[in-house]
**Student:** 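Take a look at the following structure, please.
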Amino acid sequence: MVSPAPRTRSLARLFVTYAAITAVPVILLGVALGFSYRNDARQSGVAEGRSEAQVVAKTAVEPLLDGRPLSQGLSPAERTAMSRLVKRAVGDHDILRLRLQSVSGHVVYSDDGSGFTKEVDDEAVGAAHGQITAKLTHLNADSDDVGLPLGPQAVEVYLPLTAGSPEHVVGVFEVYLPYAPIAEDVGAGLHTLYRDLALGLGALYIVLFLISVSVSRRLRQQVKENKFLAEHDPLTELPNRSLFHQRAQEAVVRAVRGDSRAAIAIVDLDRFKEVNDTLGHESGDQLLTLLAQRLADHTRPQDAVARLGGDEFGLILSEVGDAEEVLRRLRDIIEREVEVSGLPLSVESSIGYVISPDDGIDVDDLLQHADVAMYVAKAQHVGVVRYDARHDHYDAVNLGLIAELRRAIDAGELVMHYQPKACLEDGRVEAVEALVRWQHPTLGLLYPDRFIPLCEQTDLIDRLTTHVLRTALTDVRDLGDVSVSVNVSARTLGRGRFAEQVIAVLEELGVPPRRLIVEITETSLLTDPPRAAAVLAQLDAVGVRVSLDDFGIGQTSLGYLSSLPVHELKIDKSFVLDMLANPAHAAIVRSIVDLGHNLNLRVVGEGVETDAVFATLRDAGCDLAQGYLLARPMPVDQLRLWLSTTSQPTTHAV
């Protein structure tokens with residue numbers, strides 16, 4: 001940490017350096033203007049000397065000339081008058097030197113006798129043609145003044161002389177005027193100008209310095225704000241996805257180096273869209289802000305909370321022990337009632353998480369896996385789920401598999417297997433469950449769990465369901481009264497025209513609706529309850545039966561169940577397989593049987609693999625059994641043979 005004194009000295013040095021640097025251009029500007037003003041002053045002095053020379057020529061010299069060209073020389077009267085003029089003007093030091101030249105540039109009169117031997121001046125020739133020349137020089141500075149001491153500064157002027165009537169150019173007037181009086185006059189004004197310039201530039205420097213300091217401060221503040229906005233969510237002021245990624249990387253590095261564990265979690269609010277649709281987006285934003293603050297308040301300083309977008313948050317738990325316990329506590333905190341727009345609201349959430357380095361050290365992979373786990377938690381309504389590779393259907397190979405499945409349906413690579421469901425009381429086979437397989441040309445026979453979960457993420461599941469439905473009904477048409485069960489996903493059940501499509505296929509194939517059983521899961525019901533209820537009601541109205549699969553592991557409300565047109569409950573096999581060894585599962589099985597009968601539903605036990613389980617289910621009053629004890633899934637031709645050759649069981653399986 002930087003101590004205050006060094007920091008103050010550093011700021012002072014920075015201030016002095018900045019002040020010096022900003023003063024440089026002002027000083028350079030002052031010097032440039034000073035040189036410019038000085039040159040202008042000299043030009044003004046030369047112009048003043050030129051004006052004085054013109055006055056002397058017009059008032060003192062030209063009146064003495066009789067109009068003859070000076071090339072003819074001066075008359076005695078002209079020479080005498082010039083001598084008097086020179087004596088007075090030169091004697092008073094008003095003029096340093098005076099010469100008269102012919103139009104050809106030859107000197108015909110000189111007050112000090114100089115110039116008669118010099119070469120013709122271009123300035124004299126130009127003046128003879130009306131061009132006035134004035135320049136700043138020194139007396140005796142011409143090339144013909146060799147041997148003479150350099151005289152004072154003077155303004156040397158060449159101008160034409162006119163005389164006679166009418167006036168005409170008779171020669172050239174060359175005069176040296178002392179520059180000192182002119183310089184003194186000009187210098188007085190120049191000193192005043194320099195003073196005003198210095199004061200003006202000083203004031204300008206102070207103003208510009210203050211402006212630059214103020215602008216720099218604002219720019220630094222703006223840069224700071226832009227940096228904050230680039231890394232934070234503007235609504236909740238939590239870190240955004242970019243900064244979350246950076247902090248996740250830092251947490252993973254610390255976990256690897258410190259031999260500890262870091263949890264990275266994705267939190268998604270359930271049914272948040274209903275808040276926006278019901279109360280408006282402003283209330284939704286208010287809810288997000290309150291929940292974000294709540295999460296930030298209940299995490300440690302070494303942890304991190306971020307808003308990743310929409311109603312999705314990210315969590316990083318550094319040096320965590322039992323991550324699931326911590327995340328469940330945070331989930332409970334999220335669900336606490338909060339007041340939005342005067343209304344008390346409680347929002348549930350689904351959380352998926354990974355542990356680093358146990359689940360990997362690549363942050364991009366960890367975030368993707370946490371996202372997968374979150375969707376599993378949301379789909380299964382279990383709150384918090386840790387990533388399991390078996391849940392992950394989102395890789396490049398699977399994407400290619402989905403593309404192949406579209407072709408496989410048309411190519412006839414899908415095959416149907418059927419598993420019987422037998423009555424526990426007399427062993428009679430009442431129905432078979434249709435189970436699709438994929439005879440892949442290179443991967444061999446693929447079971448449903450390899451491609452159905454992938455398919456359910458796309459609209460291809462609707463096409464696959466229609467194919468399975470049509471094939472299954474075609475296969476069982478000649479099997480007497482045996483019904484067929486077809487599994488329907490939540491995505492397909494949510495289609496508004498699904499019931500109409502099922503009815504159309506039944507009519508087309510001439511199969512009585514009572515021979516079709518539509519199997520759905522509790523998840524299908526909970527995805528969109530009103531629409532699911534409407535579709536099931538349409539199917540029930542024509543005689544299609546509905547079976548609720550994997551019952552017991554979901555969260556179906558019993559009140560909601562009683563209002564649905566469901567005809568059958570299938571006890572999840574996780575309870576049936578070990579019911580003889582697990583008293584709790586045995587109790588659950590008996591409870592489901594009693595519940596189903598009280599609701600006038602038939603109950604099916606899945607996963608029946610032993611005679612003992614078969615007998616126990618029968619004693620519990622279960623209606624139907626399905627499992628390997630009866631038969632494994634088989635193609636339709638084998639099913640026909642099996643049905644025709646197998647005797648009907650009484651106390652054990654077929």
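Because the structure is predicted, anything quoted here is derived from the model rather than measured.
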**Student:** So, do Tyr353 and Asp359 sit near enough that their side-chain heavy atoms are less than 4.5 Å apart?
**Tutor:** no

**Student:** Are any of the side-chain heavy atoms of Ile266 and Glu312 separated by less than 4.5 Å?
**Tutor:** yes

**Student:** Checking side-chain contact (heavy atoms from CB on, under 4.5 Å) for the pair Val175/Tyr158: CA distance, chi angles, key distance, verdict?
**Tutor:** CA-CA 7 Å; Val175 65; Tyr158 292 86; over 6 Å; no

**Student:** State, yes or no, whether a side-chain contact exists between Val86 and Tyr109 at a heavy-atom distance under 4.5 Å.
**Tutor:** yes

**Student:** Got Arg261 and Ser356 here, is their nearest side-chain heavy-atom distance under 4.5 Å?
**Tutor:** no

**Student:** Shortest non-hydrogen contact from Val157 to Leu159?
**Tutor:** CG1-CD2, 3.9 Å

**Student:** List the atom of Leu288, the atom of Thr236, and the distance in Å for their closest heavy-atom pair.
**Tutor:** O-CG2, 4.0 Å

**Student:** Show your working on side-chain contact (heavy atoms from CB on, under 4.5 Å) between Val170 and Arg68 and close with a plain yes or no.
**Tutor:** CA-CA 6 Å; Val170 296; Arg68 290 179 304 106; over 6 Å; no

**Student:** If you measure only the distance, is there a donor-acceptor pair under 3.5 Å linking the side chains of Arg254 and Ser260?
**Tutor:** no

**Student:** Restricting to non-hydrogen atoms, name the atom on Ala154 and the atom on Leu96 that form the minimum distance, rounded to 0.1 Å.
**Tutor:** CB-CD1, 3.7 Å

**Student:** Are any non-hydrogen side-chain atoms of Arg42 and Tyr179 less than 4.5 angstrom apart?
**Tutor:** yes

**Student:** For the pair Asp111 and Arg97, find out whether any cationic side-chain nitrogen is under 4.0 Å from an anionic carboxylate oxygen.
**Tutor:** no

**Student:** Would you check, one step at a time, whether the test side-chain contact (heavy atoms from CB on, under 4.5 Å) holds for Val338 with Val347?
**Tutor:** CA-CA 9 Å; Val338 60; Val347 180; 5.7 Å; no

**Student:** Identify, with sequence neighbours excluded, every residue that meets ring pair (Phe, Tyr, Trp, His ring centres under 6.0 Å) alongside His245.
**Tutor:** none

**Student:** Would you check if there is a donor-acceptor pair between the side chains of Gln293 and Asp297 at a distance under 3.5 Å?
**Tutor:** yes

**Student:** Can a donor-acceptor pair be found, under 3.5 Å and without considering hydrogens, that links the side chain of Asn240 to the backbone of Ser242?
**Tutor:** yes

**Student:** I'd like to know if the side chain of His168 and the backbone of Ala163 have a donor-acceptor N/O pair within less than 3.5 Å.
**Tutor:** yes

**Student:** CD/Gln368 to CG/Asp362 distance, rounded to the nearest 0.5 angstrom?
**Tutor:** 9.5 Å

**Student:** Roughly how far, to the nearest 0.5 Å, is the CG atom of Leu290 from the CD1 atom of Ile334?
**Tutor:** 13.0 Å

**Student:** Measure the spacing between CG of Leu330 and OG of Ser349 and express it to the nearest 0.5 Å.
**Tutor:** 9.0 Å

**Student:** With a 4.5 Å heavy-atom cut-off, do Val56 and Phe173 have their side chains touching?
**Tutor:** yes

**Student:** For a quick test of reading the model, state the closest non-hydrogen atom pair linking Val172 to Ala128 and the distance between them.
**Tutor:** CG2-N, 3.7 Å

**Student:** Look at atom CG of Asn39 and say whether more than 12 heavy atoms of other residues, nucleotides or ligands are closer to it than 6.0 Å.
**Tutor:** yes

**Student:** Would Gln302 and Glu319 satisfy side-chain hydrogen bond (donor to acceptor under 3.5 Å, both in side chains), going step by step from the backbone distance to the final call?
**Tutor:** CA-CA 9 Å; Gln302 65 265 36; Glu319 300 178 3; 5.1 Å; no

**Student:** Taking C-beta and beyond as the side chain, do Val169 and Leu161 meet within less than 4.5 Å on heavy atoms?
**Tutor:** no

**Student:** Would you please say whether a donor-acceptor pair under 3.5 Å links the side chains of Asp112 and Ser110?
**Tutor:** yes

**Student:** Taking the basic N atoms (NZ, or NE/NH1/NH2) and the acidic carboxylate oxygens, is any pair closer than 4.0 Å for Arg300 and Asp303?
**Tutor:** yes

**Student:** Within a 6.0 Å radius of atom CD on Glu237, are there more than 12 heavy atoms belonging to other residues, nucleotides or ligands?
**Tutor:** no

**Student:** Atom CZ of Phe313 and atom CZ of Phe244: how far apart are they, to the nearest 0.5 Å?
**Tutor:** 12.0 Å

**Student:** What closest approach, in Å, do Asn140 and Pro149 show between heavy atoms, and which atom pair accounts for it?
**Tutor:** ND2-O, 2.8 Å

**Student:** What are the two closest heavy atoms between Glu339 and Gln286, and how far apart are they?
**Tutor:** O-NE2, 4.1 Å

**Student:** Please determine which of Asp268, Asp311, Asp371 meets the salt bridge (charged side-chain N to carboxylate O under 4.0 Å, His left out) test together with Lys378.
**Tutor:** Asp268

**Student:** Are any of the side-chain heavy atoms of Val107 and Leu100 separated by less than 4.5 Å?
**Tutor:** no

**Student:** How many angstroms lie between CZ in Arg307 and CG in Leu291, if you round to the nearest 0.5 Å?
**Tutor:** 11.0 Å

**Student:** Distance-only, no hydrogens or angles: does the Glu62 side chain make a donor-acceptor pair with backbone N or O of Thr162 under 3.5 Å?
**Tutor:** yes

**Student:** Please name all residues satisfying side chain to side chain donor-acceptor pair (under 3.5 Å) with Ser75, sequence neighbours left out, ordered by chain then number.
**Tutor:** Glu78

**Student:** Does atom CG of Asp358 have more than 12 heavy-atom neighbours from other groups under 6.0 Å away?
**Tutor:** yes

**Student:** Check this for me: Arg407, atom CZ, are more than 12 non-hydrogen atoms of other residues, nucleotides or ligands nearer than 6.0 Å?
**Tutor:** yes

**Student:** Around Ile361, counting heavy atoms of other residues, nucleotides and ligands shown, do more than 12 lie under 6.0 Å from its CD1?
**Tutor:** no

**Student:** To the nearest 0.5 Å, tell me how far Asp233 CG sits from Leu308 CG.
**Tutor:** 9.5 Å

**Student:** Under the side-chain hydrogen bond (donor to acceptor under 3.5 Å, both in side chains) criterion, do Arg99 and Ser114 qualify, and how do the steps go?
**Tutor:** CA-CA 9 Å; Arg99 292 170 180 166; Ser114 64; 2.7 Å; yes

**Student:** Take Gln153 and His138 through the test side-chain contact (heavy atoms from CB on, under 4.5 Å) and record every step on the way to the result.
**Tutor:** CA-CA 4 Å; Gln153 265 192 318; His138 282 267; 3.3 Å; yes

